Amino acid sequence: MTFPSKPTPPTSIAQLMTRVDAIAGLTLGELAAHYHFKTPKDLLKDKGWIGQLIEWVLGASAGSRPEPDFPELGIELKTIPISYTGKPLETTYVSVTPLINLQNATWQNSVVKKKLNHVLWLPILSERDIRPDQRIIGSGFLWQPTALQEAQLRQDWEELTEMIALGEIDKINGKYGQVMQIRPKAANAKALTNAIGPNGSIIQTLPRGYYLKTHFTQAILSQQFGL
DNA sequence: GGATGATCATAC
DNA sequence: GTATGATCATCC
């Protein structure tokens, strides 16, 4: 029995996009079977399965290093679950939210800006009533923030970072931000990390992450597909 | 139905 | 705990 080995990292954007185009229209089950990748019955305990499968197939660097998925190309891969009508079903995780040592933090050197500089979006028809292996891969495309989109992201980042720096992290909830929000990003509610508290003290709080709101990613999909 | 808060697996 | 990959579960 023969089966494909792990794809090598793409050496050019054109090669990467050729691979992306080649898997459009396939189900995740077909792709997983081809690469002898496990296929869970549901994503309850495999929430990262889709992303990890796609990473493997496209030749993204494995591991949990804080680098873009395609370091040579400077491209970050994001799968995005969409509904039957093509709308995002979930927010999109961007990065951990830094909660301390913010005195020299700027939008320009922020991890959010770096992460979103160049993204390969890959929509997956991923309604919950479709089994994971029956979900269908859509047309992936490259995106870089427009001037307006970057301005929106920057505004949110600056507002939220200022609140954190002023010791107001525990005042922040998912309602803050026009296009990007801060929500918990932790193993469970008992996980704690350092943050700036009242009067500049150090407090313990739930680790947070930056997430793109669905109306923002929906706009990206609309600009691409003209919905 | 959609958004916010909570959580799961894994590597190190 | 932090970082990777996110979706689940609940509340409005």
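Because only heavy atoms are used, hydrogens play no part in the values below, and waters and symmetry mates are left out as well, while side chains stay in. Note that the structure is predicted; figures quoted are calculated from it, not measured. Per chain, numbering begins at 1; letters A, B, ... match sequence-line order.
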- Nearest-nucleotide 5' precedence on DNA chain C, A:Arg135 against A:Pro68: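 With A:Arg135 and A:Pro68 compared, the 5'-side residue is A:Pro68.
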- If each of A:Leu44 and A:Gln181 is mapped to the nucleotide of DNA chain B with the nearest heavy atom, which maps nearer the 5' terminus, i.e. the 5' end?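 Mapping each residue to its closest nucleotide by heavy atoms, the 5'-most match is A:Gln181.
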- Message: On DNA chain B, compare the nucleotides closest to A:Ala186 and A:Lys87; which residue's is nearer the 5' end?
- Response: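 Counting from the 5' end, the first nearest nucleotide belongs to A:Lys87.
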Distance criterion of 3.5 Å, no angle test: do you see the side chain of [X] paired donor-to-acceptor with the base of [N]?
| X | N | answer |
| --- | --- | --- |
| A:Lys185 | C:dT4 | yes |
| A:Tyr211 | B:dA3 | no |
| A:Lys47 | B:dT7 | yes |

- Using atom OH of A:Tyr93 as one end and atom P of B:dA9 as the other, report the distance to the nearest whole Å.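 So the OH-P distance, A:Tyr93 to B:dA9, works out to 18 Å.
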- Task: Look at all strands and tell whether A:Lys190 reaches a base, only sugar-phosphate, or nothing, counting heavy atoms closer than 4.0 Å.
- Result: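 If one applies the 4.0 Å heavy-atom cut-off, A:Lys190 turns out to touch nothing in the nucleic acid.
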- Query: If you look at every strand shown and take non-hydrogen atoms under 4.0 Å, does A:Thr214 touch a base, only sugar-phosphate, or nothing?
  - Reply: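 A:Thr214: backbone/sugar contact only, no base atoms under 4.0 Å.
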- Task: Among A:Ser126, A:Pro40, A:Pro132, A:Pro81, find the residue that satisfies the side-chain contact (heavy atoms from CB on, under 4.5 Å) test when tested with A:Ile50.
- Result: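 That would be A:Ser126.
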- Between A:Gln52 and C:dT4, does any side-chain N or O lie under 4.0 Å from OP1 or OP2?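 So the side-chain polar atoms of A:Gln52 never come under 4.0 Å of the phosphate oxygens OP1 or OP2 of C:dT4.
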- Item | Minimum-distance nucleotide (side-chain atoms of A:Val96 versus C:dA3, C:dC8, C:dT7) |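 My answer, after comparing the listed nucleotides, is C:dA3.
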- Message: I'd like to know whether A:Phe225 forms a ring-ring contact (aromatic ring centres under 6.0 Å, His included) with A:Phe141, so could you lay out the CA-CA distance, the side-chain angles of the two residues, the decisive distance to 0.1 Å, and finally the verdict.
- Response: CA-CA 10 Å; A:Phe225 299 112; A:Phe141 62 94; 5.4 Å; yes
